Amino acid sequence: MTSALLYVLAGALLCGGGLAGCLLVRHLLRRLLAFNLLGSGVFLLLVGLPAHRHGSDPVTHALVLTGIVVAVAATALALVLIRRYFHLTGRVSLPTGRQEDR
Amino acid sequence: MSWAFSAAVLLPLLAASLVATGSTRFLLWRLLPWLPLPALLLATQVRDASVDIPWLMLGARWQLDTLRSPFLLAASLLWGGAGLYARAVLEGAERERWFLSSWCLALAGNLWLIVAGDAVGFYAGFALMTFAAWGLVVHADSPRALWAGKVYIAMAVLGELALLAGLLLASELAGGSVLLAEMATALGRSQQPGLALGLLLTGFGVKAGLPLLHFWLPLAHPVAPTPASAVLSGAMIKAGLLGWLVVLPLGLTSLPAWGTMVMALGLIALLGAALRGIWTREAKTVLAWSSISQMGLATLMLGAVLVEPALWWLVSGWFGLFVLHHGLAKGALFLSVGLSLPGAPVARGLALLVVALPALSVIGLPLTSGEAVKRWLKDSVSGDLAGAVPWQPWLPHLLSLSTLLTLLLLLRWWWLLRSGDGSTAVATLPWVAWLLLAALSLGLPLYAPILL
Amino acid sequence: MSGAWLPLATLATSLLASLIIFALPEHRHSIRTTVNILAATLKLALVAAMTWGVFQGRFYGISYEMLPGVRFVLRADAVAMLFAGLSALLWLFTTLYAVGYLEGSPNRSRFFGFFSLCVASTLGIALAGNLFTFFLFYEMLTLSTYPLVVHRGTPKALRAGRQYIIYTLGGGAVLLLGVVLLYQLEGDLAFRETGHLMGSDPARYPALIGIFALLVAGLGVKAALVPLHGWLPTAMVAPAPVSALLHAVAVVKAGAFGIVRVVYDIYGIDFAASLGVLEPLAWVAAFTVIYGSLRALWQSDLKRRLAFSTVSQIAYIVLGISLFGPLGTVGGLVHLLHQGIMKVTLFFCAGNYAETLGVHRVDELDGAGPRMPLTSLAFTVAAFGMIGIPPLAGFVTKWMLGRGALAADMAWVIPVLLLSSLLNALYFLPIVYRLWFRPLRGDWPAERALGRLETHALLLWPPVFTAVLTVLVGVLAAAPFSPLAWADLVALRMYLP
Amino acid sequence: MIERARQALLGAACLLFTVCLLWAVRHLVALPAEQQALSVLLSRWLPDSGVSHPVTAVLLNFRSYDTLLEIGVLVIAGMVGISLARTSALEDPAMRSADPLLHALLRLFLPLLVLLAGWLLWAGSSRPGGAFQAGALLAAAGVLGRLAGLPMAFLRPGTLLRAGLVLGFSVFLLIALLGALDGRAFLAYPPGLAGALILVIEAGLSLSIGMILLALFVSAPVAPEEDADGGPPA
Amino acid sequence: MSSLLMAGLLFTPLAWAVLCLLLAFRAARLASVIGMLLQMALSLALWAWVAEQGGFFYHLGGWAPPLGIGLRVDGLAVTFVLLTALVGAACGLHAGLYLDPSRPWQRYFWPLFWMLWAGLNAVWLAGDLFNLYVGLELITLAAVGLVVLGGAAPALEAALRYLFAALIGSLAYLLGVALLYAEFGSLSLVGVGEGAGSASPAASFALLIMLFGLAVKAALFPGHTWLPPAHGIARAPVSALLSGLVVKAAFYVAARVWLELGPALEAAVVGVLLGVAGSAAVCWGSWQALRQPQLKLVVAWSSVAQIGYLFLLFPLSHGVPEAVSLQAQQGVTLQVISHALAKSAMFLAAGNLILSVRSKRVEALAGVSRYLPLSLFSFGLAGVSLMGMPPSGGFAAKWLLLQASLASGQWWWAAVLLVGGLLAAAYVFRIYRASFQEVEESDPFYHPPRSLEIIPLVLALLALGLGLVAEPVLSVLGLPFGGEVLSP
């Protein structure tokens with residue numbers, strides 16, 4: 001029952017919660033946060049599982065670093081879009097009305 | 001030799017194209033009586049000839065033999081006389097272009113079917129003549145003419161279809177050959193030719209006016225212009241008879257059942273038509289009925305031959321004589337209906353007498369061709385050769401009864417003619433045409449033996 | 001591969017012509033017409049050369065692998081030249097006629113572009129060497145004919161185009177399924193005179209029957225067999241040269257020709273007979289013959305009546321095919337040509353009446369004979385040909401079909417033929433009667449003087465010439481180079497020695 | 001009504017997903033722990049990588065292509081951020097707060113931050129650190145300056161900002177091309193020079209990353225009236 | 001020689017992205033034209049080289065997998081690189097003429113365009129699972145950037161929807177990669193493929209998650225809602241790039257992963273599930289395309305439908321004899337190529353039509369066939385390929401897929417293909433019908449420069465001609481999706 005298993009478990013739960021957040025929440029910022037939760041969950045699993053099996057593995061660290069940078073880029077872009085969208089339309093969530101192109 | 005045949009047929013066809021412009025029509029009126037000339041020369045000069053043209057349609061053959069040449073002779077003489085009469089009466093009338101084109105096409109069709117030795121050519125001529133005759137029938141464009149035209153074309157198309165089916169079956173029996181002679185022999189040989197025979201009989205019967213198929217005749221003849229009805233009953237009806245003679249297996253096998261039926265139909269036509277004709281109110285209709293009854297004679301003879309094949313070699317000449325006799329006489333009678341009788345009572349009485357002469361030959365008085373035909377028929381039917389012919393004892397009496405009825409019928413016609421109004425100006429040309437035909441029919445007993 | 005270039009050259013002429021015409025701006029009339037007529041004559045010459053070559057027994061063909069395991073094959077055999085000859089000949093006349101007909105109307109570059117594309121696909125269909133290539137050109141034909149049907153751009157034309165597309169694409173999908181199933185079962189079958197499937201093991205018979213049904217259903221749409229004929233009358237809204245080309249030569253014949261190929265060159269007539277699929281095919285064809293003629297009876301619009309008549313006439317071809325025996329085949333094949341020639345004449349004349357007198361309905365035709373004698377004469381000759389009066393072309397077919405029926409002891413076909421001839425008479429004779437024997441009632445709906453003669457020269461001479469052709473084909477039926485002789489040559493090779 | 005059903009469905013799906021994930025993880029955890037081939041390889045080739053810290057070696061040598069693309073992603077984010085900006089200046093006057101206390105604090109913090117970023121950059125070769133952490137610190141310094149209202153001229157969507165964005169990326173790219181030009185594979189450092197080149201790349205990268213993150217932070221929407229128009233024509 | 005080509009291929013797009021960012025629109029356009037020619041030449045050279053010598057592995061940075069990142073350069077990858085070059089160049093040229101240089105943000109089109117191209121090449125050639133993730137992210141962000149170019153409210157909304165869907169998909173994929181790495185210890189696709197034999201059930205769950213993620217990114221039916229607004233709103237050349245290539249990237253990765261891992265793990269259920277989703281996409285996409293009032297939305301929904309066909313690969317390549325699987329793969333490859341060409345041609349032509357008709361609605365197209373024959377003609381030719389009518393590439397693909405589905409006994413896919421073809425015909429002919437409508441008054445339309453209309457025509461003709469040369473193209477693919485490849 002190494003400490004890595006704890007991270008793995010946390011990672012899995014984070015993934016579940018993050019995904020639920022992403023799909024269910026309508027508010028854009030909260031969805032973005034949920035997305036980051038999901039990302040962290042995945043990174044935790046990515047590092048935790050190999051660590052649990054055979055000690056710390058530098059490759060996973062590198063992967064996670066790259067993953068985090070990509071996540072940051074995506075989040076920053078999303079933020080810019082959300083702020084501009086709010087600025088132009090004053091809405092904080094995407095219209096979910098019965099558009100015919102649903 | 002084949003150019004002679006094609007000349008006879010193509011001349012009227014080409015003439016039909018002259019109808020287009022006014023000036024050519026004038027020339028065509030002049031040419032009209034001379035159109036059947038090549039056919040006439042052909043009938044007289046050529047005794048027995050057969051020319052094969054493999055590339056024409058499905059393998060065509062021009063044929064002229066002892067059976068066909070009298071038909072050709074009768075047709076060309078009748079078309080010639082009627083043509084002369086038509087020029088006199090109809091030139092300049094309204095819808096003359098329509099009449100001329102129909103007249104030429106009908107003539108071409110008639111000649112074509114007579115000289116055609118192959119089924120396709122025969123059927124083509126038959127159809128051309130039928131549709132052209134439709135043009136003649138509805139020429140008057142009156143409601144009565146239109147109705148007659150409808151009936152005529154309906155029955156004609158049904159007849160053609162039956163004919164097509166019959167020819168198909170016969171050709172199938174003859175192993176695919178389209179030659180009429182081979183078809184006849186094939187019909188003779190086959191075990192159950194019933195269907196083919198039935199179809200052929202009905203197909204030609206419509207044209208020849210068999211009872212129950214004759215309805216169009218009394219309607220069509222009166223409405224057609226006079227020369228047209230003359231030709232219709234003189235030459236066109238004979239096409240049906242020729243069809244039978246050429247296709248049916250005469251002289252090959254004995255078909256007692258078919259024979260008796262045909263003879264019965266002949267008798268009904270002979271007597272019934274004459275009876276029915278007596279109380280019609282119009283001269284041409286009377287003559288139409290008389291044509292049906294005279295055709296009954298030929299049907300009777302045909303039935304007899306079917307029953308007793310041996311008879312065929314004896315009576316094959318009879319049909320030629322009958323065609324000539326009835327064609328010319330009936331043609332003259334029809335033309336006389338249109339003649340304008342002089343006003344003065346004496347001249348009028350004389351004219352009526354002269355007009356009645358061809359009627360006598362039809363009735364069959366001695367010294368006329370009618371009597372020769374009837375006697376020949378009586379001898380052959382009751383002769384020793386006609387062993388298996390049914391009702392043999394009553395036939396002579398029935399024939400004399402038919403003569404009596406024809407006499408009454410033609411008296412009725414003569415009385416209708418007499419009550420017609422006289423007119424002062426007597427056009428000579430129609431009389432000339434009538435005279436030509438009357439002379440030819442009366443003179444038949446003289447020149448017939450030379451030609452046949 | 002000797003003569004590989006000839007089939008390609010034939011296809012290329014009209015493809016090239018269509019490309020040039022598409023590129024031409026709308027106002028370039030003279031260039032477009034010259035390109036059109038040049039292409040038509042060149043194609044006719046090429047097809048004639050190929051026909052002569054095939055007659056001498058030379059081989060023309062090309063084959064290359066287009067998809068893994070599937071070859072694109074062009075092959076000029078006897079029956080191909082029959083159809084190719086008809087298309088090339090009638091395309092020349094139809095082009096002349098179309099040039100005259102569309103004088104002064106818009107969109108002519110588009111029209112003639114698709115027009116030559118359509119004929120390229122028809123020739124492709126004729127020259128196809130296997131089912132795959134056949135299907136390829138079959139679908140190209142659908143695509144290239146849609147713009148012709150909706151050429152006028154009116155809501156009615158567009159509705160007709162919609163229905164046309166629904167039918168033909170549906171048929172195409174069914175045919176595609178059949179073809180793929182056949183490829184799955186038997187592999188890439190090139191067309192062979194006596195067919196391939198003679199030796200296949202009996203376990204496959206139900207599958208082969210199923211595939212046969214699919215193929216015939218797919219082809220039946222274009223051959224306008226009864227349940228699938230709905231598009232033909234509504235497509236009459238297209239301009240006259242289109243309905244002439246479509247309903248006499250290209251589309252309708254493609255379906256019938258397809259059935260010929262499937263029955264003879266894939267299944268083989270003997271195998272098809274042993275499978276027992278010919279009998280139902282004959283039933284469908286016979287029913288179509290009668291139904292088409294019946295429906296034509298009370299069509300008041302002239303072109304719709306001709307359309308229904310086409311439905312029944314095409315079924316003659318299918319009937320001929322389904323009569324097991326050389327005579328039936330000859331009847332079917334020769335009708336392929338005769339119906340084309342006669343129907344083209346009828347449609348040309350209908351177009352003339354519409355264009356010159358503004359007459360579209362049958363009862364407006366009174367007295368048209370004297371007003372337009374040559375056109376009416378051509379119409380009458382073609383009408384009598386359709387009824388089957390000797391010595392015209394129609395009679396030869398009916399005669400052959402009748403004999404074929406008797407030889408294949410399917411005697412019930414004879415009354416069908418007779419009834420259909422009667423019906424033909426019932427719907428053609430009144431028209432002839434109105435043309436010639438009825439007096440003119442008032443003036444014409446939209447009379448236009450189009451040139452010295454009764455109508456524009458380009459509108460007048462094509463129908464006259466095709467009418468003369470109808471007579472010649474009938475009269476010279478037994479001559480060496482007539483369609484009948486050619487059909488005999490083809491039928492001879494179809495049957496196993 | 002449909003909306004609620006959809007929510008319920010998605011919720012159930014997420015639940016199912018979590019359960020399956022846990023189930024899968026349980027399987028993975030149960031696997032025997034055998035020595036991993038990859039880490040053996042890594043320790044064998046580490047000396048040749050030109051840096052001692054394994055993570056930096058993987059990041060900038062063994063899997064340098066990932067890093068290159070990752071920087072590309074960042075550059076794109078930066079570009080899109082700038083493209084959405086509407087006016088010449090990225091300044092947002094509303095944010096500037098003339099707060100003397102903040103100014104004083106900054107005078108102390110900014111140099112410290114820059115010094116720390118430099119050290120992180122240098123430490124990357126031997127212990128956890130490197131371009132990304134240094135870049136982040138620089139960006140933080142920038143943000144603080146921005147909040148304090150320091151005038152930053154380069155924060156205009158002009159050529160300077162754009163050049164700054166792509167500086168690191170282009171340096172990395174050129175060095176990668178060098179490797180390919182003299183016969184070796186793309187992104188292969190000439191032997192021996194690896195460490196130095198990695199350091200050059202790291203320096204460039206940290207500067208660019210700082211610039212990108214700062215640009216993204218400041219490319220905020222501008223006051224409504226200056227907004228040029230609603231967007232592209234119909 | 002090959003390593004130089006590879007280096008050039010990877011370097012050029014990134015370099016040009018940097019270059020174009022620094023230049024104004026018109027200068028960037030000129031530079032880009034040169035860049036496109038160079039990239040096209042490189043792609044062609046690589047394609048020719050692989051056609052002769054066969055595929056090879058390219059170890060980036062000199063390190064062999066599993067330590068370094070390996071690029072798998074086989075027939076299929078190179079064909080897709082060439083396809084990207086072709087379609088990318090066409091869209092680039094068209095954008096140069098189509099976009100309005102005066103707008104300040106248009107200058108950012110070129111760098112994003114080159115970044116997108118770089119991302120696509122990265123994905124086609126990638127042989128490493130994590131590298132694929134980064135490549136996909138590169139593509140996603142570049143695509144979102146292109147969609148949101150100009151920053152209008154609807155564009156923003158569409159971009160956000162697109163971004164969220166794509167990010168969720170990527171993370172799901174990354175989760176799958178994490179699980180696989182945890183089990184097999186290697187990131188390279190070939191390495192994972194070899195280890196798959198002794199896989200635990202976790203690996204099939206990982207595969208499921210990865211395919212789910214990629215399906216969302218490829219806009220497969222349940223996850224398609226982001227595509228129509230994104231592709232509908234974007235400028236014509238951008239939508240052409242998106243529909244033609246970007247959507248295919250996610251599918252390509254899914255196909256690569258499926259064909260490596262699928263057979264080993266008994267994932268038949270997943271295959272059938274994706275097939276059913278594909279069929280649903282075909283029907284729903286076509287049905288919606290029929291009802292859209294706007295032209296570009298019709299074409300966008302048609303993309304949703306056509307993607308459905310691609311996902312028929314999964315059921316047809318699992319648990320079937322090798323020959324049938326090969327046939328299905330070839331069919332799908334042809335479908336990808338012909339759809340890329342045809343759809344980009346259709347979007348460019350639609351852009352031209354909207355530009356000249358001055359309205360986005362379909363009804364406004366009345367009279368177009370008379371005054372704008374060339375644009376409509378290219379739209380029509382592209383439609384022919386979408387419907388899968390001969391002689392187009394679409395038909396060749398439909399034929400191969402039909403044969404594969406019938407040979408594999410799963411005949412219901414054949415029904416989907418045929419019905420799909422008819423539905424595609426329905427919405428294509430809806431556009432024809434609108435354009436053939438005759439309009440009375442004289443020419444009301446604005447005529448775009450002739451060169452704008454030539455580009456879609458060239459693409460459409462390529463799509464049409466593809467059917468005729470299908471065999472040579474497929475033979476170059478050799479054994480698609482991996483087979484033995486010699487390493488340099």
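Not measured: the values here are computed from a predicted model. Chain identifiers are assigned alphabetically (A, B, ...) following the order of the sequence lines, protein sequences preceding nucleic acid strands; residue numbering begins at 1 within each chain.
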Take C/Ile389 and B/Tyr123 through the side chain to side chain contact (heavy atoms under 4.5 Å, CB included) test and state the conclusion after the steps.
CA-CA 8 Å; C/Ile389 306 291; B/Tyr123 187 70; 5.6 Å; no
Which region of C/Leu417, side chain (C-beta onward) or backbone (N, CA, C, O), has a non-hydrogen atom less than 4.5 Å from a non-hydrogen atom of chain B, or is it both or neither?
neither
Step by step, work out the side chain to side chain contact (heavy atoms under 4.5 Å, CB included) result for B/Leu146 and C/Tyr433.
CA-CA 11 Å; B/Leu146 292 184; C/Tyr433 179 75; 2.7 Å; yes
When you look at B/Phe131 and C/Val432, which way does the side chain to side chain contact (heavy atoms under 4.5 Å, CB included) test go after all the steps?
CA-CA 11 Å; B/Phe131 284 103; C/Val432 170; over 6 Å; no
Shortest non-hydrogen contact from B/Arg97 to C/Pro370?
NH2-CB, 4.3 Å
Residues C/Leu429 and B/Ile153: closest non-hydrogen pair is CD1-CG1, 4.1 Å
Over 12 non-hydrogen atoms of neighbours within 6.0 angstrom of CZ in B/Phe215:
yes
Just so I know, are the side chains of C/Leu422 and B/Leu158 near enough to count as touching, which here means a heavy-atom distance under 4.5 Å?
yes
Taking atom CH2 as the centre, does C/Trp412 end up with more than 12 heavy-atom neighbours from other residues, nucleotides or ligands that are less than 6.0 angstrom away?
yes
Verify the neighbour count for atom CG of C/Leu297: are there more than 12 heavy atoms of other residues, nucleotides or ligands below 6.0 Å?
yes
Heavy-atom distance under 4.5 Å between the side chains of C/Ile387 and B/Val157, does that happen here?
no
Heavy-atom pairs under 4.5 Å with chain B - which of C/Ala411, C/Ala425, C/Ala405, C/Pro391 has more of them than the others?
C/Pro391
Verify side chain to side chain contact (heavy atoms under 4.5 Å, CB included) between C/Ile414 and B/Leu169, making sure each step is shown before the conclusion.
CA-CA 10 Å; C/Ile414 301 274; B/Leu169 289 170; 5.8 Å; no
For chain B, which of C/Ala485, C/Pro390, C/Gly369 has the most heavy-atom pairs under 4.5 Å?
C/Pro390
Distance (rounded to the nearest 0.5 Å) between C/Arg403 CZ and B/Leu167 CG:
12.0 Å
